[in-house]
Amino acid sequence: MAKIQMSTPLVEMDGDEMTRILWQMIKDMLILPYVELKSEYYDLGLPHRNETGDQVTVDSANAAKKYGVAVKCATITPNAARMPEYGLKEMWKSPNATIRAMLDGTVFRAPILVKGVNPYIPTWKRPITIARHAYGDVYKNSELTVPAGAKAELVITNPDGSETRQLIHDFAGSGIVQGLHNLDGSIASFARACMNFALDQKEDLWFATKDTISKKYDHRFKDIFAEIFEDEYKEKFAAAGIEYFYTLIDDAVARVVRSEGGFIWACKNYDGDVMSDMVATVFGSLSMMTSVLVSPDGVFEYEAAHGTVQRHYYKHLKGEKTSTNPVATIFAWSGAFRKRGELDGLPELMGFADKLERATVQTIEEGVMSGDLAALSTIPNKQVVASEEFLAAIGQRLTALM
């Protein structure tokens, strides 16, 4: 069988630890036998980021802007313990945060549903998509420790050089202080991305913050969303038979838990980080969660929603077999192929993406799965297999579909 041809490269962002091992396995076993892969490769593994002073992360984001579609492996965001382990020059920032800021995108995460893996909340019948703002908040924070007796102030230096000051706190004892910021333009891009996605999916859009407490910061989000909806999307939503509504984040959590699913929940950056993990866990696993970053100018970056699976990587280094779940990484590749095929008018590439996903789901529903899914699945006579055997089982079904 002739391999499926590509006309424009994907931007391929390699990663770290166990997911890096799986990345190569997926390419070797599920992609290269069927697709004449065209990719512009960037090694975002921590050693190479360290060697390049993290320039490789910036280069990969610029490449994504150039080509329009990227696929990313999970990467390490180093903490203090990683400094000696990898001999780091400094504690490099999250590659995801860097890429998200450069693309000014919104992250959409949704669970991958399979028979036999039932949500912990029984009323959840349909997927819940988390739309996460990908700029600012704690991920772009400035923070300091404060000695006893110090005074912290918020100072804005205006364009004319004058200052606006506001007392944060007089510290009788020592403490900490943190400064967050956001941009009106980025919030507007977030709002439009969410509303366009809701129209595309024909699903209701919910947005939630805590504007009763954060009367400037969170209220700005609420106001910008409301203005854009009223001016640009109200009639479109009515025509599509869907709705947009705003509520407080604590009320949203209660509503979500009581819901049947089937909607898009827009959250600020940190809220979206936490709530997407909650949604993924209730539906089964972070390894069963799709994630795509969408920029306002139409750049798409697909990735897994989970980390680098450090514990399994250390077992792998000892020569032990691991049963690591590769599904989210497979779906990152399939999502990128589908979008590349859509943009380039390549139905065969889009069809391959569909078949790759179908083969993956079919393998699990026929009882062959990784250890984490076996702990959740109600399918009888489950067979727990190591990662390589799981990918081989998917490959067999993919061959049959092709």
Side-chain angles (χ1 to χ4, degrees), residues 12-29 41-52 54 56-57 60 71-100 107 109 111-112 132 138-139 270 272-274 276-281 283-291 293 301-333 369-376 384-391:
E12 180 185 347
M13 304 173 181
D14 209 344
D16 286 299
E17 296 188 319
M18 199 63 214
T19 45
R20 187 183 181 96
I21 305 299
L22 291 173
W23 190 263
Q24 191 60 49
M25 285 185 186
I26 290 166
K27 286 173 65 178
D28 290 342
M29 301 172 72
Y41 177 86
Y42 293 86
D43 183 0
L44 266 58
L46 187 52
H48 194 236
R49 277 185 275 143
N50 191 53
E51 289 169 14
T52 64
D54 209 30
V56 66
T57 305
S60 72
V71 58
K72 181 182 174 295
C73 183
T75 46
I76 294 168
T77 299
N79 56 17
R82 298 291 200 169
M83 295 288 287
E85 180 183 0
Y86 281 90
L88 301 181
K89 301 171 189 174
E90 63 180 84
M91 206 180 299
W92 303 110
K93 291 183 180 292
S94 160
N96 289 338
T98 298
I99 294 166
R100 288 166 189 162
V107 178
R109 289 181 171 172
I112 301 162
R132 173 186 172 187
V138 71
Y139 304 90
Y270 179 73
D273 192 1
V274 175
S276 65
D277 282 2
M278 184 269 286
V279 167
T281 302
F283 273 107
S285 167
L286 267 176
S287 298
M288 298 293 288
M289 198 84 167
T290 64
S291 183
L293 175 70
E301 184 245 302
Y302 296 82
E303 62 178 339
H306 56 72
T308 58
V309 202
Q310 180 183 11
R311 183 172 57 86
H312 283 196
Y313 180 61
Y314 291 159
K315 290 179 69 175
H316 171 80
L317 291 179
K318 293 177 184 176
E320 300 175 21
K321 283 196 170 186
T322 66
S323 186
T324 315
N325 188 336
V327 172
T329 305
I330 293 171
F331 272 64
W333 276 102
M369 61 192 74
S370 54
D372 66 322
L373 289 177
L376 302 169
V384 179
V385 294
S387 306
E388 194 164 358
E389 285 74 31
F390 186 33
L391 291 170

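One-based numbering along the sequence shown.
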_From CA spacing to verdict: side-chain contact (heavy atoms from CB on, under 4.5 Å), I330, L391_ = CA-CA 10 Å; I330 293 171; L391 291 170; 3.8 Å; yes

*Can you list every salt bridge (charged side-chain N to carboxylate O under 4.0 Å, His left out) pair that touches residues 317-329, not counting sequence neighbours?*
K321-E389

[X]: which residues meet the salt bridge (charged side-chain N to carboxylate O under 4.0 Å, His left out) condition with it, sequence neighbours left out?
X	answer
D43	R20
R82	E17, E85
R109	none

*Partner of W92 under side chain to side chain donor-acceptor pair (under 3.5 Å), chosen from T57, T75, N50*: N50

*Could you point out which residue of H312, Q310, R311 forms a side chain to side chain donor-acceptor pair (under 3.5 Å) with Y314?*
Q310

If you measure from [atom1] on [X] to [atom2] on [Y], what distance do you get to the nearest 0.5 Å?
X	Y	atom1	atom2	value
M25	T19	CE	OG1	12.0 Å
Y313	T308	OH	OG1	9.5 Å
H306	N325	NE2	CG	7.0 Å

Residues in side-chain hydrogen bond (donor to acceptor under 3.5 Å, both in side chains) contact with [X], at least two apart in sequence or another chain:
X	value
R100	E303
E12	W23, K27, S39
T98	none
Y41	D14

*Name all residues meeting the ring pair (Phe, Tyr, Trp, His ring centres under 6.0 Å) criterion together with F283; count only those two or more places apart in sequence or in a different chain, and write none if there are none.*
W124

Applying side-chain contact (heavy atoms from CB on, under 4.5 Å), name anything that partners [X], two or more places apart in sequence or on another chain.
X	result
S323	S370, V384
S94	T77, N96, A97
T290	A110, I112, F331

*Walk me through it: do V107 and S291 pass the test side-chain contact (heavy atoms from CB on, under 4.5 Å)?*
CA-CA 7 Å; V107 178; S291 183; 3.4 Å; yes

_Chi angles and distances behind the side-chain contact (heavy atoms from CB on, under 4.5 Å) call for D372, M288_ = CA-CA 10 Å; D372 66 322; M288 298 293 288; 5.6 Å; no

Testing the basics here: between [X] and [Y], what is the closest heavy-atom pair and its distance to 0.1 Å?
X	Y	value
D16	L46	OD1-N, 2.7 Å
P95	K72	CB-CE, 4.4 Å
A74	G307	CB-O, 3.4 Å

*Would one find more than 12 heavy atoms of other residues, nucleotides or ligands at under 6.0 Å from atom OH of Y270?*
no

*asked:* Between S387 (side chain only) and T324 (backbone N and O only), is there a donor and an acceptor less than 3.5 Å apart?
replied: yes

